[in-house]
**Student:** 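Questions regarding the structure given below will be posed in turn.
Just so it is clear, the model here is predicted, and its values are computed rather than measured. Side-chain atoms are counted along with the backbone in the values below, which use heavy atoms only and exclude waters and symmetry mates. Just so it is clear: chains get the letters A, B, ... in the order the sequence lines come, proteins before strands, and each one is counted from 1.
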Amino acid sequence: MHDPISTAKQQVRKLVLAAFDEAKLEGALPDFPMPDFAVDLPAETSHGDFAVNAALVSAKPFSMSPRDIAQALFERIKLADSLFSKAEIAGPGFLNFFTDSRFCSDVVLQILREKDGYGRTDTLHGEKIMVEFVSANPTGPMHLGNARGGALGDCLASVLETAGARVTREFYVNDAGNQIEKFACSLEARYLQLYKDDIPFPEDGYQGEDITRRAEEFAEINGDSYLSAAPQARRDALVAYALPANIEQLRHDLETYRIHYDVWFRESSLYESGLVNKVLGILKDKGATYENDGAIWYKATDYGAEKDEVLVRSNGIPTYFAADIAYHYDKFAVRGFERVINVWGADHHGHVSRLKGAMNAIGLDGSKLDVVLMQLVRLVRDGEPVRMSKRTGKAITLTDLLEEIPIDAARFFFNLREPKSHFEFDLDLAVKESSDNPVYYVQYAHARICSILKNLDAQGYETDNFDGCDLSLLCEPDELALIKHLAKLPFEITAAACEYDPARITRYTVELAGMFHRFYTSCRVKDCEADLCLARTALCRATKQVVANCLALLKINAPESM
RNA sequence: GUCUUUGUAGCUCAGUUGGAUAGAGCGUCCGCCUCCUAAGCGGAAGGCCAGCGGUUCGAAUCCGCUCAAGGACACCA
């Protein structure tokens, strides 16, 4: 529950502000408030562990040169009893702070103590958050966009949990509305085609083989008994069979992908509970609707939109938009989520402001809804783009993908980049079980550590009890770099949670693996002096713990051997 | 046309919210196993941060315009 980086940053800030107050009292600096300044982690190790730009940002208001301000502050900074052993003025006026060896020792001890709890913070204070993701249409199998959305949403939820939120993972089942109608007509055509020639397939129907397969399954159970049934009854029966089967398939495929939902929320339940009508009533009472051409419209233009939207079609059936407003009413007003995050494909971006506006219109706070827009995936094989339209039926499905590449690789790759990046998924690379593939690089680090510990253990070395271990012996550059990176995990979790970017953790893990491999190459654990050996064993164990914690969060296996 | 995302090494991408000499992986070239896993490590080459202006101590990052690519603009979801 403790973040070493944030703690150190706060201490730096306090030290600088105390020095500033003293300098003001002594007349060395003018009696102005200190402007906001940053405490950064420099990329360059020679710039110390924490860099402060206070002197640069205050140069103008103080009408002084940055170096002079830095000097005045530097002379009054008291490092006694702090986490730092040294401060210095550098470059145009930065104040750089160097951590004491105690900082690194404490980090290793903290990890060994907190074990799989290391990385957790209370940043979000138990906030009740829903993450709704994938929510693929139950009219067919999932595609690669769902694969990305799944890995992203699931890991985002994990990151929020690790940052202290109470998170619900939810799948919105679109089991009502137009696409179900289309689904029914497609199934009906396939069913009839089993028995008759010259049955036309609907022009806008779902052409996937899965539809044909469901129709065949239905025929195996019911035979031709529905040939003579009334069309509506026939379609209802087909949907009553195929829809639950499809939903079960979605659930199964997602479980295979290691995604487990807390709630499967059905769109149809919004009609059954009357919530859609209730929300339409609220909008009407607020005067936010009007009638035109037999349809009920929502005055979106009153709430910042460019044009109005249909809520109820002239045929009396509410639109998806109406149901979505009701759905979000349910999320906030009925179930009391403090924050809701929806992971959507970027092709839905136009819907974001409309929905938020409508939430405001019915008295909710649209700013509590955050939508993570994810750019769609472009699949590439042999350097050629692969089309993935559901309607062509030639789509690569999530299931196809997972048969072709390991789940570890899929989850890793789909979480390697920011949601908003235009993603090019190289199938050939993901399939490769070689060092080109970064997931193996990370897993190998874990396996390597396990192997070291196993060897030490077999030879009678202590690998689990580090009482009295002198961790200050860890002072090689590669050791310090590794420990300082270990220290960043809680900070990275917080950043990933705040920025809705779980890919930060994947990248952090790759960097961590690299630092371990470097440490491994330059520092031998075995065959060195006993105290140093014990300290390095402790560092190995701590590193193993952090790699394992990250991979657990991403739901990627951490192998003991490879 | 309007809105939106993106443009950084040959390729795929980072860049800690405006900081110091712009980084990593892959690919290319050159090295490193008598030794805890070489699925590893080190080094070299590779850049007008799409372009032009602006804001200030300081810009890949912020604000305009231009160019290029993806996406959205339904009584679909």
**Student:** So what is the 5' to 3' dot-bracket string for RNA chain B, if pairs are Watson-Crick or G-U wobble with both distances under 3.5 Å, crossing pairs use [ ] and | means the partner sits on another strand?
**Tutor:** (((((((..((((.....[...)))).(((((.......))))).....(((((..]....))))))))))))....
**Student:** Is it true that the NZ or CZ of A/R448 lies under 6.0 Å from the centre of A/Y520's six-membered ring and within 45 degrees of the ring axis?
**Tutor:**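 Yes; both conditions hold, so A/R448 lies above the ring face of A/Y520.
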**Student:** Pick one for B/rU17: is it syn, with its angle within 90° of 0, or anti?
**Tutor:**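 Syn conformation here, the glycosidic angle of B/rU17 being no more than 90° from 0.
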**Student:** Take A/S6 and A/F491 through the test side-chain contact (heavy atoms from CB on, under 4.5 Å) and record every step on the way to the result.
**Tutor:** CA-CA 7 Å; A/S6 298; A/F491 177 80; 4.3 Å; yes
**Student:** Nearest to the side chain of A/E267, which nucleotide is it out of B/rA77, B/rA14, B/rC75?
**Tutor:** B/rA77
**Student:** With a non-hydrogen cut-off below 4.0 angstrom, is A/D324 in contact with a base, only sugar-phosphate, or nothing?
**Tutor:**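 Answer is nothing: A/D324 stays at 4.0 Å or more from every strand.
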**Student:** Is there a side-chain contact between A/N178 and the phosphate of B/rC76, meaning an N or O under 4.0 Å from OP1 or OP2?
**Tutor:**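 A/N178 to B/rC76 OP1/OP2: side-chain N or O found under 4.0 Å.
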**Student:** Do the charged groups of A/D457 and A/K454 touch, with an N to O distance under 4.0 Å?
**Tutor:**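 No, no charged N to carboxylate O under 4.0 Å.
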**Student:** Where does B/rC36 land, syn or anti, given syn is within 90° of 0?
**Tutor:** anti
**Student:** For B/rU6 versus B/rA14, give the span between their C1' atoms, rounded off to a whole number of Å.
**Tutor:**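 Here B/rU6 and B/rA14 have their C1' atoms 15 Å from each other.
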**Student:** Please report the distance separating the C1' of B/rG40 from the corresponding atom of B/rU4, rounded so that it comes out in whole Å.
**Tutor:** 44 Å
**Student:** Tell me, please, which residues at least two apart from A/E479 pass side-chain hydrogen bond (donor to acceptor under 3.5 Å, both in side chains).
**Tutor:**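 Scan of A/E479 (side-chain hydrogen bond (donor to acceptor under 3.5 Å, both in side chains), adjacent residues dropped) gives A/R536.
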**Student:** Please report the distance separating the C1' of B/rG18 from the corresponding atom of B/rU61, rounded so that it comes out in whole Å.
**Tutor:** 7 Å
**Student:** Tell me what A/Q375 touches on the nucleic acid: a base, only sugar-phosphate, or nothing, going by heavy atoms under 4.0 Å.
**Tutor:**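 Since a base atom lies under 4.0 Å of A/Q375, the category is base.
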**Student:** Could you walk me through whether A/F516 and A/F519 pass the ring pair (Phe, Tyr, Trp, His ring centres under 6.0 Å) test, one step at a time?
**Tutor:** CA-CA 5 Å; A/F516 175 76; A/F519 157 76; 5.8 Å; yes
**Student:** Between B/rC48 and B/rA60, how far apart are the C1' atoms? Round to whole Å, please.
**Tutor:**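 Pairwise C1' distance, B/rA60 against B/rC48, rounds to 12 Å.
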**Student:** Below 4.0 angstrom, which residues in residues 347-358 of chain A have at least one non-hydrogen atom near RNA chain B?
**Tutor:** A/D347, A/H348, A/H349, A/R354
**Student:** At 4.0 Å (heavy atoms only), tell me whether A/K60 reaches a base, stays on the sugar-phosphate, or touches nothing.
**Tutor:** sugar-phosphate
**Student:** Using whole Å, what does the distance between atom P of nucleotide B/rA72 and atom NE2 of A/H422 come to?
**Tutor:** 12 Å
**Student:** Verify the contact: side-chain N or O of A/Y441 to OP1 or OP2 of B/rC41, cut-off strictly under 4.0 Å; return yes or no.
**Tutor:**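 Checking A/Y441 against B/rC41: at least one side-chain N or O falls below 4.0 Å of OP1 or OP2.
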**Student:** Sugar-phosphate atoms are those with a prime plus P, OP1 and OP2; base atoms are the rest. Using that split, label each nucleotide of nucleotides 17-23 of chain B B, S or - for protein heavy atoms under 4.0 Å, 5' to 3'.
**Tutor:** B-BB---
**Student:** What's the verdict on ring pair (Phe, Tyr, Trp, His ring centres under 6.0 Å) for A/F171 and A/F265, showing C-alpha distance, side-chain angles and the deciding distance?
**Tutor:** CA-CA 6 Å; A/F171 190 111; A/F265 191 96; over 10 Å; no
**Student:** Check whether A/Y303 forms a cation-pi arrangement with A/R354 (NZ or CZ under 6.0 Å from the six-membered ring centre, at most 45° off the ring normal).
**Tutor:** no
**Student:** From the set B/rU6, B/rC73, B/rA77, return the single nucleotide nearest to any side-chain atom of A/K307.
**Tutor:**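 Closest nucleotide to the A/K307 side chain: B/rC73.
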**Student:** Would you sort out whether A/D308 and A/K299 count as a salt bridge (Lys or Arg N to Asp or Glu O under 4.0 Å), showing the intermediate values?
**Tutor:** CA-CA 5 Å; A/D308 294 343; A/K299 288 190 206 168; over 6 Å; no
**Student:** Nearest whole angstrom, please: distance from the P of B/rU16 to the CD1 of A/I505.
**Tutor:**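 Nearest whole value for this atom pair: 16 Å.
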**Student:** Is the count of non-hydrogen atoms from other residues, nucleotides or ligands lying under 6.0 Å from A/Y290 atom OH greater than 12?
**Tutor:** yes
**Student:** Who pairs with A/D210 by side-chain contact (heavy atoms from CB on, under 4.5 Å), at least two apart in sequence or on another chain?
**Tutor:** A/P141, A/R213
**Student:** Given B/rA14, B/rC76, B/rU6, identify the nucleotide with an atom nearest to the side chain of A/R313.
**Tutor:**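 Nearest to the side-chain atoms of A/R313, counting from C-beta on, is B/rC76.
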**Student:** Do A/K331 and A/E132 sit within salt-bridge range, that is, some charged N less than 4.0 Å from a carboxylate O?
**Tutor:**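 Salt bridge flag = yes for A/E132 with A/K331.
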**Student:** Between A/K9 and A/D40, does any side-chain N to carboxylate O distance fall below 4.0 Å?
**Tutor:** no
**Student:** Respond yes when some side-chain nitrogen or oxygen of A/R518 is under 4.0 Å from OP1 or OP2 of B/rG42, and no when none is.
**Tutor:** yes
**Student:** For the pair made of CG in A/D501 and C1' in B/rA14, what is the distance, rounded to whole Å?
**Tutor:**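 So the two atoms are 11 Å apart, to the nearest Å.
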**Student:** Using only heavy-atom distances, determine whether the side chains of A/S268 and A/D175 contain a donor-acceptor pair under 3.5 Å.
**Tutor:** yes
**Student:** Summarise how protein sits on nucleotides 30-37 of chain B as a single string, 5' to 3': B when a protein heavy atom is under 4.0 Å from the base, S for sugar-phosphate-only contact, - for no contact.
**Tutor:** -----BBB
**Student:** Looking at the side chain of A/A295, which of B/rA77, B/rA14, B/rC75 is the nearest nucleotide?
**Tutor:**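 Among B/rA77, B/rA14, B/rC75, the one nearest the side chain of A/A295 is B/rC75.
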